[in-house]
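Keep in mind it's a predicted model, so treat the numbers as computed, not measured.
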There are 2 protein chains.
Amino acid sequence: MASVGDLFQALADHTRRRILDELTERDGQTLFEICGRLATKHQIASSRQAISQHLDVLEAAGLIVTRRQGRYKFHHIDVRPLRSIAERWLRPEPRQETT
Amino acid sequence: MASVGDLFQALADHTRRRILDELTERDGQTLFEICGRLATKHQIASSRQAISQHLDVLEAAGLIVTRRQGRYKFHHIDVRPLRSIAERWLRPEPRQETT
DNA sequence: TTGATAGGCAAGTCGTCACTTGCCTATAGT
DNA sequence: ACTATAGGCAAGTGACGACTTGCCTATCAA
């Protein structure tokens, strides 16, 4: 369900890359934590809903996984989809994309 | 000028990834060659102008370089921007993006 | 139970993107 | 010179993406 297109499209947005930066530096943050840190450290003043939608896109792309605990929802980065992202063109190998 | 955003945004399109596939398999093709091969081998029946605009985007992202010779314009893939594309999140290092 | 906190849902706006359409320039062959 | 080939420029269209707005649900503390 998470295709190569979903992956690149998720990475195509500046705010979403910043979210991954933030989770790389401190994994397992909640939505409000991410909002605060994006605002103070990266001058990204998007609304909570905007960030929430970005997190949905990242999760659909398989780049983050979520864990619910009470009224909190923690977001964890998953770098596995990123490992072989560019090898498709970096070595002369057959490629298989169904999208 | 070619920012990280340009790079990911260029890769976010399916047809542009196919163009890179095609140039990986056979480098230095002209616009018409790429059009023909995309149509026959990848079932992509976009117009010549559409493909031309895709090539512009790829060139702006630094993923292809062009070489003019008479009335022909040859397109060559440049994989250098792809080499360190995901390392930003694959290892806990400081990241520097100005976009 | 009441209020505050953390998050979700859905419609709507606005800009960007992929693509088309129509016409124009330049090189090469005859 | 004339024609075909390779490519370019620019305006227009339709759809998608990022973001907002308004309201709703759920959990926890007092």
Side-chain angles (χ1 to χ4, degrees), chain A residues 2-23 26 28-39 42-61 63-76 99, chain B residues 2-23 26 28-39 42-61 63-76 99:
Chain A
S3 68
V4 186
D6 295 333
L7 184 58
F8 280 112
Q9 206 132 21
L11 293 171
D13 185 86
H14 168 249
T15 301
R16 285 195 287 268
R17 291 193 301 276
R18 283 302 187 199
I19 291 175
L20 292 182
D21 290 341
E22 192 48 54
L23 289 178
R26 188 170 190 272
Q29 297 187 57
T30 67
L31 171 59
F32 275 76
E33 284 178 303
I34 295 171
C35 285
R37 286 178 159 245
L38 285 179
H42 301 286
Q43 288 81 36
I44 294 175
S46 300
S47 69
R48 176 183 61 86
Q49 288 84 347
I51 305 296
S52 176
Q53 288 169 5
H54 282 308
L55 290 172
D56 290 342
V57 174
L58 288 170
E59 187 170 17
L63 286 168
I64 64 174
V65 291
T66 57
R67 168 175 57 92
R68 272 230 145 206
Q69 187 172 344
R71 61 175 162 177
Y72 298 103
K73 185 178 182 182
F74 299 102
H75 301 80
H76 298 266
T99 312
Chain B
S3 68
V4 187
D6 295 333
L7 183 59
F8 279 112
Q9 206 133 19
L11 293 171
D13 185 87
H14 169 249
T15 301
R16 284 194 289 267
R17 290 195 299 275
R18 284 302 186 200
I19 292 175
L20 292 183
D21 289 342
E22 192 49 52
L23 290 178
R26 188 167 190 272
Q29 296 188 55
T30 68
L31 171 59
F32 275 77
E33 285 178 300
I34 295 171
C35 285
R37 287 178 159 244
L38 285 179
H42 301 287
Q43 288 81 39
I44 295 175
S46 299
S47 70
R48 175 184 60 87
Q49 289 84 348
I51 305 295
S52 177
Q53 288 170 6
H54 281 307
L55 290 171
D56 290 342
V57 174
L58 287 169
E59 188 171 18
L63 286 168
I64 65 174
V65 291
T66 58
R67 169 174 57 93
R68 273 231 146 208
Q69 188 171 344
R71 60 175 164 176
Y72 298 103
K73 185 179 182 182
F74 299 101
H75 301 79
H76 298 266
T99 313

Using side-chain heavy atoms (C-beta onward) and a distance below 4.5 Å, is B:Phe74 in contact with B:Thr30?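 The answer is yes; the side chains approach within 4.5 Å.
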Criterion side chain to side chain contact (heavy atoms under 4.5 Å, CB included) against A:Leu55, the qualifying member of A:Ile64, A:Thr66, A:Leu63: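 It is A:Ile64; the other options fail the test.
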Report the distance from atom [atom1] of [X] to atom [atom2] of [N], rounded to the nearest whole Å.
X: B:Ile34; N: D:dA6; atom1: CD1; atom2: P; result: 13 Å
X: B:Ile51; N: D:dA6; atom1: CD1; atom2: P; result: 16 Å
X: B:Leu31; N: D:dG8; atom1: CG; atom2: C1'; result: 10 Å
X: A:Leu55; N: C:dA6; atom1: CG; atom2: P; result: 15 Å
X: B:Asp13; N: C:dC17; atom1: CG; atom2: P; result: 11 Å
X: B:Lys73; N: C:dA26; atom1: NZ; atom2: C1'; result: 13 Å
X: A:Tyr72; N: C:dA4; atom1: OH; atom2: C1'; result: 11 Å
X: A:Leu11; N: D:dA18; atom1: CG; atom2: P; result: 12 Å

Pair of N/O donor and acceptor under 3.5 Å linking D:dG8 base with B:Arg48 side chain: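 Donor-acceptor pair under 3.5 Å: yes.
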Check whether the side chain of A:Gln53 and the base of D:dT20 form a donor-acceptor pair under 3.5 Å.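 For A:Gln53, whose side chain was compared with the base of D:dT20, there is a donor-acceptor pair (under 3.5 Å).
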[X] [atom1] to [Y] [atom2] distance, which is reported to the nearest 0.5 Å:
X: A:Leu11; Y: B:Gln9; atom1: CG; atom2: CD; result: 11.5 Å
X: B:His75; Y: B:Leu20; atom1: NE2; atom2: CG; result: 12.0 Å
X: B:His42; Y: B:Arg18; atom1: NE2; atom2: CZ; result: 5.5 Å

Toward the 5' end of DNA chain D, by each residue's nearest nucleotide, A:Gln69 or A:Ala45: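 Mapping each residue to its closest nucleotide by heavy atoms, the 5'-most match is A:Ala45.
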Taking for each residue the nucleotide of DNA chain D bearing the nearest heavy atom, is the 5' side occupied by A:Gly70 or by A:Ser46?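 This one resolves to A:Ser46.
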Between B:Gln49 and B:Val57, which has a closest nucleotide on DNA chain C that is more 5'?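 Comparing both residues, the 5'-ward one is B:Val57.
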side-chain N/O [X] vs [N] OP1/OP2, d < 4.0 Å:
X: B:Arg16; N: C:dA18; result: yes
X: B:His14; N: C:dA18; result: no
X: A:Ser47; N: D:dC19; result: no

Which nucleotide sits closest to the side chain of B:Phe32: C:dG7, D:dG7, C:dA18?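 The answer is D:dG7, which lies nearest to the side chain.
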